[in-house]
*Asks:* 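The structure under discussion is supplied below as structure tokens; questions concerning it will follow.
Read the numbers this way: they start at 1 and go in the same order the structure lists the ligands and their atoms.
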Amino acid sequence: MKKVRTRFAPSPTGFMHLGGMRTALYAYIYAKARGGDFILRIEDTDRERYVDGAVEVIYQTLKDGGLIYDEGPDVGGSFGPYVQSERMEIYKKYAELLVEKGGAYYCFCDKARLEELKKDDENAKYDKHCLNLSKEEVEMRIKRGDSYVIRQNIPEHGVGTYTDLVFGEISVDYSDLDDNVLIKSDGMPTYNFANVVDDHLMEISHVIRGVEYLSSTPKYNLMYDAFGWERPEYIHLPVIMKDATRKLSKRYGDANFDDFIAKGFTAPAIMNYIALLGWCPKDNVEKMNLDDMIEKFSLDGVSKSPSIFDETKLRWLNGEYLKAMDDEEFFALAKPFFEKSKVYGKFDIKKLAKLLKSRVEILSEIPEKIDWLAEFNSYDKELFFNKKNKTNSEVAISLLPEIIESVKGISDFTNATLFEKLSEKATALGVKTGAFFWVMRIAITGQAVTPGGATEMAEILQKEETLRRLQFSLDMLKNS
Ligand code: GLU
């Protein structure tokens, strides 16, 4: 059986669209599930759209997402070059061959004539005027240096049909297709031509790409047929929408992979989430790493209808990934966000990270979740009220001196020791530990919700600050 080879063929636009990343992901897992190769090809023939550094963004984003390509511009391979602008000679040769085979023709029409054709109807097709030029005339004009393009020769009648592995049978009337330009006057190929030549020469078995190419594929098939090449299999993927009417787009600031990383999403969670945009695993277990996806992916689970990007779900999934990390891994990722917080330089952020790991969905929430810790001020004494623990500000006034006294006597300021010693003290006083710790936690944080219990928070604050806060709270209550 033919080896499965898939490719991801982005244009270097300077950022990686999540939709593009999903295409890359599906191409990767499809190949890997079948012992095949995954290839990266850079489609940079549109020089006007060229952006400096954009190719590096592609390499880096694929690596961040874990999509290790077997062949590509920076890793090599035996089907290179993998950058289209380095394949000009190849396109020239095959364009000439296609002309010889009748699948394309030279066209010398100037701008004025082309505009004239579209004067009454801007969608008017090219009228095949140059198809009738004799071979001698074409040769003479090329020799003379006339500017020309090469156009595809689409049959005037008939229907192009193929079976897409997701969308099923697709038929397009040739009369609806235009004789598109394959080679531009500057010698550059268009996407329409280059994708066919490259996919064939790179022995791509399955072309996986966005649904926007579904109805132009019959044009490409005409070229495969004219060359006498075997057509690849096609897998077109549904569009990703922002909501019912808008596509996910860079314009709304919601499509760039790196923007999500900057917001504090992790690459594995993003990859997991985008895998679910258009595909549902049979077992409905949604949390999957790349290996799970390779094992579970199947085309019958891929949907034809558009999928809607749900950031709330991505946040939830990201939180699951953060929770599952070990403390070191979480801290390594979260450190830059802790450094942006007001607690940085005041308290041990590594200890705080342990407490926060299971309490954040995205890393950028970290500063807002802990900034308050650095700004201890008067707070609402009603916070001491707790029905279950039977506490209120009066109870706090009576317990705080005991807490202060105990804390003064503890030198090993760790959660474990604090918890043990303070529990003993509460028991000795005949006070429920729940009440004791409720009062202490409010008194040292001034917050209803904190990422840890009283003794965990005390360990973060350390002895001096813990005592200062306990005293502050006692004074505040007494003076109110
Ligand atoms: N360069 C094309 C794009 O970025 C690739 C489409 C394809 O995969 O064939 O849309």
Side-chain angles (χ1 to χ4, degrees), residues 4-31 36-51 54-55 57-59 61-62 65 67 69 71-73 79 81-88 90-91 94 152 162 164-167 170 180-182 184 188-224 229 231-240 247-251 255-257 274 277-278 302:
V4 170
R5 288 173 54 86
T6 64
R7 87 307 191 264
F8 177 50
S11 301
T13 55
F15 82 109
M16 182 70 86
H17 192 287
L18 286 180
M21 200 65 175
R22 183 198 57 179
T23 301
L25 172 64
Y26 285 15
Y28 172 83
I29 55 184
Y30 192 85
D37 294 331
F38 171 60
I39 291 113
L40 172 65
R41 179 172 78 226
I42 302 293
E43 302 209 327
D44 62 345
T45 55
D46 188 350
R47 303 310 282 179
E48 273 162 36
R49 286 175 60 201
Y50 188 79
V51 178
V55 176
V57 171
I58 294 170
Y59 299 158
T61 319
L62 290 174
L67 307 183
Y69 36 95
E71 298 165 28
F79 295 84
Y82 294 91
V83 177
Q84 286 188 329
S85 58
E86 294 168 21
R87 300 172 63 82
M88 302 301 289
I90 299 173
Y91 304 126
Y94 282 97
Q152 185 172 5
Y162 72 103
D164 181 84
L165 296 184
V166 171
F167 285 82
I170 302 295
N180 287 137
V181 172
L182 302 180
K184 295 186 274 188
M188 276 282 183
T190 57
Y191 167 77
N192 287 336
F193 187 56
N195 92 86
V196 170
V197 172
D198 289 346
D199 285 342
H200 171 73
L201 295 179
M202 295 181 182
E203 296 183 10
I204 301 303
S205 61
H206 295 73
V207 168
I208 302 180
R209 62 186 165 208
V211 70
E212 61 273 26
Y213 296 97
L214 189 68
S215 56
S216 30
T217 294
K219 284 193 288 203
Y220 312 144
N221 284 335
L222 281 169
M223 287 188 256
Y224 282 98
W229 296 341
R231 299 176 183 183
E233 298 286 356
Y234 294 104
I235 299 171
H236 287 95
L237 303 176
V239 65
I240 303 176
K247 274 195 196 175
L248 197 66
S249 130
K250 192 189 173 197
R251 216 165 351 130
N256 182 357
F257 185 89
I274 60 179
L277 288 171
V302 177

*Asks:* Is the positively charged end of Arg7 above the ring of Phe79, judged by distance under 6.0 angstrom from the centroid and angle within 45° of the axis?
*Replies:* no

*Asks:* Mind checking whether Tyr69 and Tyr82 have ring centres under 6.0 Å apart?
*Replies:* no

*Asks:* So Tyr30 and His206, would you call those rings parallel, tilted or perpendicular, with 30° and 60° as cut-offs?
*Replies:* tilted

*Asks:* Thinking salt bridges, do Arg41 and Glu71 make one under a 4.0 Å N-O criterion?
*Replies:* no

*Asks:* Which is it for Ile42 and Gln84 under the side chain to side chain contact (heavy atoms under 4.5 Å, CB included) test, yes or no, and what are the steps along the way?
*Replies:* CA-CA 6 Å; Ile42 302 293; Gln84 286 188 329; over 6 Å; no

*Asks:* For the rings on Phe257 and Phe15, is their centre-to-centre separation under 6.0 Å?
*Replies:* no

*Asks:* Note down each nitrogen or oxygen pair, ligand 1 side and protein side, whose separation is under 3.5 Å; give only atom names and the distance to 0.1 Å.
*Replies:*
from     : atom 1 : to     : atom 2 : distance (Å)
ligand 1 : 1 (N)  : Ala9   : O      : 2.8
ligand 1 : 1 (N)  : Ser11  : OG     : 3.3
ligand 1 : 1 (N)  : Glu43  : OE1    : 2.6
ligand 1 : 8 (O)  : Arg7   : NH1    : 2.7
ligand 1 : 8 (O)  : Arg7   : NH2    : 3.4
ligand 1 : 9 (O)  : Arg7   : NH2    : 2.7
ligand 1 : 9 (O)  : Tyr191 : OH     : 2.4
ligand 1 : 9 (O)  : Arg209 : NH1    : 3.3
ligand 1 : 10 (O) : Tyr213 : OH     : 2.7

